[in-house]
Structures are given as C-alpha cells and as structure tokens.
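Please read the structure below before turning to the comments.
Reminder, nothing fancy here: chain letters follow the sequence lines and each chain counts from 1. Just so you know, these numbers come straight off a predicted model, no measurement behind them.
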Protein chains: 2
Amino acid sequence: MADLVYRNIMKDLKNRIQANEFESKKLPDERSLSESYGVSRSSIKRALNVLANQGIIFKKRGSGTFINPLYQKNQTIFQYEGSNLGVTDSFKSDGQTPQIKLLDFKVIPASEELQTELFLNPGEFVYEIKRLRSFDDSPFMIELGYIPIRVAPELNKERVEGSIFNYFEDATGTSVTKSFMTITADPSTKEDQELLGLKPVEPVGVMEGIFFLDDGTPFEVSNMRIHYKYLNYNTFVNLDEDK
Amino acid sequence: MADLVYRNIMKDLKNRIQANEFESKKLPDERSLSESYGVSRSSIKRALNVLANQGIIFKKRGSGTFINPLYQKNQTIFQYEGSNLGVTDSFKSDGQTPQIKLLDFKVIPASEELQTELFLNPGEFVYEIKRLRSFDDSPFMIELGYIPIRVAPELNKERVEGSIFNYFEDATGTSVTKSFMTITADPSTKEDQELLGLKPVEPVGVMEGIFFLDDGTPFEVSNMRIHYKYLNYNTFVNLDEDK
DNA sequence: AAGTGGTCTAGACCACTAC
DNA sequence: TAGTGGTCTAGACCACTTA
C-alpha cells in the first residue's frame with residue numbers, strides 16, 4: 001500500500017507544495033517530472049490527478065500545472081485529505097478531548113426502511129446505538145446509528161463507547177471509505193435542547209448518512225443531530241466527472 | 001468532447017445498467033469488455049472508474065465489477081450526475097416554476113476577505129448581487145453573491161435575474177465546474193423570517209461557497225441562506241482518494 | 001513552432017478471490 | 001489454478017496555449 005509509485009509521488013509533491021518549493025505557483029511539466037522521478041508519465045499523471053481531485057492543484061492544457069492559490073492561503077477549508085466522512089474526524093485536530101456518552105444500546109429488528117438502506121432481509125436484526133458526543137465536556141452531537149449484527153457481530157457496550165469505525169477497521173482490516181450524506185437543518189426538539197444545551201430558538205444541523213465498506217457493503221445508517229455552532233461541513237465538488 | 005472513447009463507453013454502460021441488462025448485478029470482466037468494445041483495457045478501466053466515482057458500480061479485486069444495489073433501488077439519492085453545485089439545480093427537476101427576484105445589484109470595491117477568496121488585487125471591484133429565489137411563489141433562499149467585474153464584465157440587471165452560470169457559459173463557453181462549499185445552520189434573522197416566511201424558532205441552512213471556472217479562476221463567492229425545509233444537500237464521499 | 005496536458009494503445013507483472 | 005482487478009511502462013498522436 002505504501003509502495004505505490006503514484007501515491008509516493010503524490011505525497012512527495014504535496015510536501016514540496018506545502019514547503020513552498022514552487023514559488024512560481026507552477027509545477028514542472030509532466031515529462032520533466034517523469035524523468036526526474038524516474039517513472040513513466042502515466043504515473044506522474046495519476047499522482048497529479050489525485051492532487052487535482054483534492055483541489056490542491058489545477059491543470060491547464062497547453063499551459064501547465066499550477067498550485068491552487070487558496071490551498072496555501074486557507075488550508076482549513078481543504079480538509080478533504082483527513083476525512084470528511086463525518087464531523088467526528090473534523091474535530092479531532094482541535095486538540096480538544098473527544099468524549100462519547102452511551103445513551104442507549106440495544107438490538108432490534110430492522111424496520112422496512114432500514115432493510116432497504118442496509119440491504120437486509122426481513123427479520124434481520126440491527127444494533128440501535130444512541131450516543132452523545134462532546135468535546136471538553138460540551139456536547140455537540142446526538143448520534144443515532146444502526147448497524148446490522150451480521151456485519152459486526154462482535155460489538156458490545158464497551159466498544160461502542162469509542163470509535164466504531166476504528167474498532168471495526170482494527171478488528172477486520174476493512175475500512176469504511178464511502179458514504180452518502182444528506183445535510184439538512186431543523187428546529188431543535190426538547191431533547192436536543194436538553195442534551196446539547198440549546199435555547200429553543202437555536203437549531204440543529206442534521207446529517208443523515210449511509211456508510212459503506214470498501215466492497216460496497218452498507219455498514220451503518222446514521223442520523224446525527226448537531227449543535228448548529230458545530231456543524232461545519234466542507235466539500236470540494238468537481239463536476240468534471242472524470243477524475 | 002463527445003467522441004472520447006472512455007466517455008462513450010461510460011455512457012453506454014450506464015444506459016445498459018439502467019436498462020437492467022446485467023441481471024446478475026455483475027458486469028463482464030474488463031478484458032471481455034475491452035474486446036467487445038474494441039478498445040484497450042485502459043480505456044475500459046477509465047470508463048469504469050468514472051462510474052465507480054459516481055457510486056454506480058463498485059469493483060472488487062479478484063471477484064469482478066458489480067452494480068451498486070442502491071443505484072437502481074433509490075435513484076433519487078444518486079443525483080450527483082446532474083449537479084450538486086448548489087441547491088439551485090437540485091430543485092429544477094421538481095416541475096415547479098423557479099423565480100428570481102432581484103433585491104439588490106451594485107458594484108463595490110472588494111473587501112479584503114473577497115480579495116483573498118477571489119484572488120483579486122486591492123482596488124478591484126466586484127458585483128454585489130442579492131437575490132431571492134422562489135418556487136411557485138414560495139421563497140426558499142436568499143442569495144448574496146460577489147463576482148469580480150474582471151471575469152464577467154457583461155453582467156447587467158436583466159442577466160442577473162436569470163441563471164448567471166448559464167448566461168456565463170453561453171456567453172463565454174467556459175463553465176463553472178468546481179466549488180468549495182461550507183454548510184452550516186443558523187437561527188433565522190428578522191430579515192430571513194420576513195423574506196422566507198419563517199417563524200422565529202425556525203432556522204436557516206447556510207451554504208457558503210466559492211465557485212471556480214474550469215481553469216481554476218475563482219468566479220463567485222456566494223452566501224446562501226436557505227429555508228430549513230428546502231436545504232437538502234446530498235454528497236457521495238469516497239475516501240479512496242484515488243479516482 | 002514549441003511546449004504542455006489529454007487520450008489511447010498494447011502489454012507485462014502483481015495481488016486478491018474463488019474453486 | 002484460473003480469473004479478475006490494480007499498477008506501471010513506453011510511446012504515439014491529438015488539442016490547446018503561448019510566443
């Protein structure tokens with residue numbers, strides 16, 4: 001995994017960009033890079049494409065490859081690299097202490113809706129996991145998740161009080177890399193107000209999503225109600241389609 | 001543009017998937033496709049990668065290429081294809097009539113923040129465009145946009161009452177294909193309540209974004225305050241990084 | 001005309017899965 | 001062991017930009 005040619009070059013170029021090595025904001029042309037790295041031009045293209053998809057560089061046919069000026073200026077909005085699977089990860093970097101309080105944990109039969117979303121057969125069971133997430137003792141998110149027992153039979157109360165994704169990745173070697181997310185806003189309910197410390201006039205952001213494993217297996221359906229001050233979802237959209 | 005090999009194959013495969021031609025949910029292997037389409041395997045891979053990025057198929061090394069079961073089941077959440085540059089486009093399909101009311105339109109010097117975000121020199125001017133967007137006479141979004149006069153010198157009051165992106169694409173041939181979006185939620189202000197018909201307790205969703213042209217030129221900074229019932233932002237996230 | 005990125009090919013070899 | 005997707009190469013030719 002770590003020995004992929006294009007990936008190493010991608011990382012190296014990213015470091016060189018961050019180190020401000022290319023003051024002209026222009027990268028060497030692909031044929032030069034091919035020669036200096038001692039790899040084929042295809043591999044260079046592939047590395048550059050990954051960087052372009054992350055919004056770090058952009059390519060202009062006939063002119064060259066340039067560094068996105070916003071990348072160095074405003075690195076906070078370019079957090080694609082780490083993860084934007086959910087808010088969870090976006091807050092890890094703050095140096096604050098993340099906490100998880102388990103509100104509810106049980107096994108129930110999958111509703112019809114869950115059967116569809118998680119691709120389950122009638123009669124299959126799911127964990128229902130309700131958690132309150134905080135940073136430095138201030139709660140920011142109520143998370144209601146459903147995970148089929150079939151895909152994660154080893155879950156228990158203790159494991160659910162930490163990162164389920166991390167536990168699952170450690171235990172099985174497969175990771176959660178794809179998701180559909182829907183983002184909406186909603187007035188806060190009484191429960192939101194109590195758990196998140198909101199005034200009645202203050203809203204929550206709602207993120208609903210289905211998370212998938214590498215191989216396409218649906219892993220979790222999650223509904224997250226988030227203190228409006230903490231919802232901050234960043235995306236980089238590229239409609240070029242080809243990536 | 002329309003004669004690209006991988007693009008044509010991509011479209012053809014998408015049609016065949018939608019026509020339910022592959023009942024086993026499994027596509028032919030890449031080498032067979034290569035032969036039957038009469039192109040190199042690289043081109044097949046490229047076509048398949050685009051489909052995989054759209055979440056339509058997924059590939060499993062050693063096993064084959066499969067159709068994402070959710071694609072056929074729940075096509076509504078897969079609207080990546082059309083556009084998710086903003087809410088604007090997501091609502092076009094509803095068969096409702098979109099309306100734009102121009103609230104304000106002037107030219108002002110770019111603030112420091114705008115200079116940074118739009119990559120302008122001090123002293124440059126931008127259009128400030130404030131619009132209220134409705135469907136069937138019910139307002140759903142207040143849009144405050146800033147566009148450098150340098151990149152769109154031909155804007156006028158009339159053109160701003162329609163789709164600026166469409167006008168610009170028609171006029172110049174370059175289109176807006178990339179964006180950074182930040183999504184948050186916010187209690188509604190008095191103005192929000194008046195313009196969008198909200199109760200004081202009802203919130204707005206806020207989408208802020210920078211839109212870029214193909215070549216990376218920043219085109220617009222936009223701040224959209226959206227009636228919470230109409231904010232519905234869908235994304236497909238793929239952390240595989242390589243695309 | 002020279003330079004640069006884009007598309008496409010033909011084929012070698014590797015890594016993983018299923019039988 | 002056979003089949004499948006992943007990585008990588010070396011090179012041809014095309015399309016666009018700049019001078």
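Straight-line distance from the CD1 atom of A/Ile9 to the P atom of D/dT7: 14 Å, rounded to whole Å. With rounding to whole Å, B/Ile44 atom CD1 is found 16 Å from C/dG11 atom P. Following rounding to the nearest Å, A/Leu51 (CG) and C/dG5 (C1') show an atom-to-atom distance of 15 Å. Whole-Å rounding puts the A/Ile57 CD1 to C/dT4 C1' distance at 14 Å. Atom C1' of nucleotide D/dT17 and atom NZ of A/Lys59 are separated by 16 Å, given to the nearest angstrom. Rounded to whole Å, the distance from CZ on A/Phe58 to P on C/dT4 is 16 Å. Counting to the nearest Å, the C1' atom of D/dT7 and the CG atom of B/Asn49 are 12 Å from each other. Atom CG of A/Asn8 and atom C1' of D/dC8 are 13 Å apart (whole Å).
Distances shown here put a side-chain N or O of A/Tyr6 below 4.0 Å from the OP1 or OP2 atom of D/dT7. Listed pair A/Ser43 / D/dT9 meets the phosphate criterion, a side-chain N or O lying under 4.0 Å from OP1 or OP2. For the pair B/Thr65 and D/dT4, the criterion of a side-chain N or O lying under 4.0 Å from OP1 or OP2 is not met. Contact annotation: B/Lys45 side-chain N/O to D/dG5 OP1/OP2 distance is not under 4.0 Å.
Counting heavy atoms from C-beta on, the side chains of B/Val221 and B/Ile147 never come closer than 4.5 Å. Residues A/Val50 and A/Tyr6 form a side-chain contact, since some pair of their non-hydrogen atoms from C-beta on lies under 4.5 Å apart. The shortest side-chain heavy-atom distance between A/Ile67 and A/Leu27 falls under the 4.5 Å cut-off.
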Using atom names, set out every protein N or O paired with an N or O of nucleotides 15-19 of chain C below 3.5 Å, distance rounded to 0.1 Å.
{"residue": "C/dA15", "atom": "O4'", "partner": "B/Arg61", "partner atom": "NH1", "Å": "2.9"}
{"residue": "C/dT17", "atom": "O3'", "partner": "B/Ser63", "partner atom": "OG", "Å": "3.0"}

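Evaluation of the salt bridge (Lys or Arg N to Asp or Glu O under 4.0 Å) rule for B/Glu30 yields B/Arg41, B/Lys45 as partners, not counting sequence neighbours. Residues that satisfy the salt bridge (Lys or Arg N to Asp or Glu O under 4.0 Å) test with A/Lys26, not counting sequence neighbours, are absent from this structure. Residues passing the side-chain contact (heavy atoms from CB on, under 4.5 Å) test with A/Asn15, sequence neighbours excluded: A/Gln18. Contacts of A/Glu35 classified as side chain to side chain donor-acceptor pair (under 3.5 Å), with partners at least two apart in sequence or in another chain: none. In this structure A/Arg61 satisfies the side chain to side chain donor-acceptor pair (under 3.5 Å) test with no other residue, sequence neighbours excluded. In this structure A/Tyr37 satisfies the side-chain contact (heavy atoms from CB on, under 4.5 Å) test together with A/Ile9, A/Asp12, A/Leu13, A/Arg16, A/Leu33, A/Val39, A/Ile44, sequence neighbours excluded. When the side chain to side chain donor-acceptor pair (under 3.5 Å) test is applied to A/Glu124, the partners found at least two apart in sequence or on another chain are A/Arg150. Not counting sequence neighbours, A/Tyr127 has no partner by the side chain to side chain donor-acceptor pair (under 3.5 Å) test. Evaluation of the salt bridge (Lys or Arg N to Asp or Glu O under 4.0 Å) rule for A/Lys157 yields A/Glu161 as partners, not counting sequence neighbours.
End-to-end axis angle of the helix from C/dA1-D/dT18 to C/dA18-D/dT1, from C1' rotation axes over five pairs per end: 10° (rounded to 10 degrees).
Taking every heavy atom of residues 26-41 of chain A and every atom of DNA chain C, pairs under 4.0 Å involve A/Asp29, A/Glu30, A/Arg31, A/Arg41, by number.
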